[in-house]
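Written below as structure tokens is the structure these notes are about.
Along the sequence shown, residues carry numbers from 1. As the structure is a prediction and not an experimental result, all values here were calculated from the model.
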Amino acid sequence: MHSKRSTALTLAVLLGGACLTTAAASATSANATSANTAPAAVVQHAGALPPGYQLVTLPNANVPNFQRRTLYCPGSKRVLGGGAEARGNDAILVGSFPTDDGRGWIGIGRQNAYRDVGISVFAICAD
């Protein structure tokens, strides 16, 4: 399972970087079109990590169905992205989303034939 988790987290980081690069390119393109001049923006390399980058994990634990597991970034770091995994027979991940304050990530799951489910939560944090 470790290699699947590492692969999934690597993909999440790469996809997050691709989304940030795409958004920056779109904004740059929109600015160039509206001003009819070449923008003076510097595009950061897609492989660069943000300051204070840290991957934080909340290891798998069984909790009652539909109970939230919440992982917070350390110190004053903010969450850039994250994910969760539901483990067990017929386990279903019901929700995976950031906390309202943007400082952590929440995972929710359930199993059809059991009263509890294993949930792991992952967060990509930075300053």
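Sorted by first then second residue, the side-chain hydrogen bond (donor to acceptor under 3.5 Å, both in side chains) pairs that include residues 60-75, not counting sequence neighbours, number zero. For residues 47-87, the pairs satisfying disulfide bond (SG atoms under 2.5 Å apart) are C73-C125, with sequence neighbours left out.
Closest heavy-atom contact between R103 and R78: CG-NH1, 3.3 Å. Between A126 and P51 the shortest heavy-atom distance is CB-O, 3.5 Å. Summarising the geometry of D127 relative to G52, their closest heavy-atom pair is OD2-CA, 3.4 Å, with the distance given to 0.1 Å. S96 and W105 get closest at one heavy-atom pair: OG-NE1, 2.8 Å. Nearest heavy atom pair, residue V121 against residue L71, reads O-CD2, 3.6 Å.
Not counting sequence neighbours, the partners of A91 by the side-chain contact (heavy atoms from CB on, under 4.5 Å) test are A86, Q111, V117. For D100, there are no side-chain hydrogen bond (donor to acceptor under 3.5 Å, both in side chains) partners two or more places apart in sequence or in a different chain. For R110, the side-chain hydrogen bond (donor to acceptor under 3.5 Å, both in side chains) partners are N112, not counting sequence neighbours.
Under a 4.5 Å side-chain heavy-atom cut-off, the cluster of Ile, Leu, Val, Met, Phe, Trp and Tyr residues that includes V94 is completed by F66, F97, I106, I108.
Under a hydrophobic-cluster definition in which Ile, Leu, Val, Met, Phe, Trp and Tyr are linked whenever side-chain heavy atoms come within less than 4.5 Å, directly or via other members, L55 and V79 are assigned to different clusters. Cluster annotation: I119 is connected to V56 through the hydrophobic network of ILVMFWY side chains, with a link wherever side-chain heavy atoms come within less than 4.5 Å.
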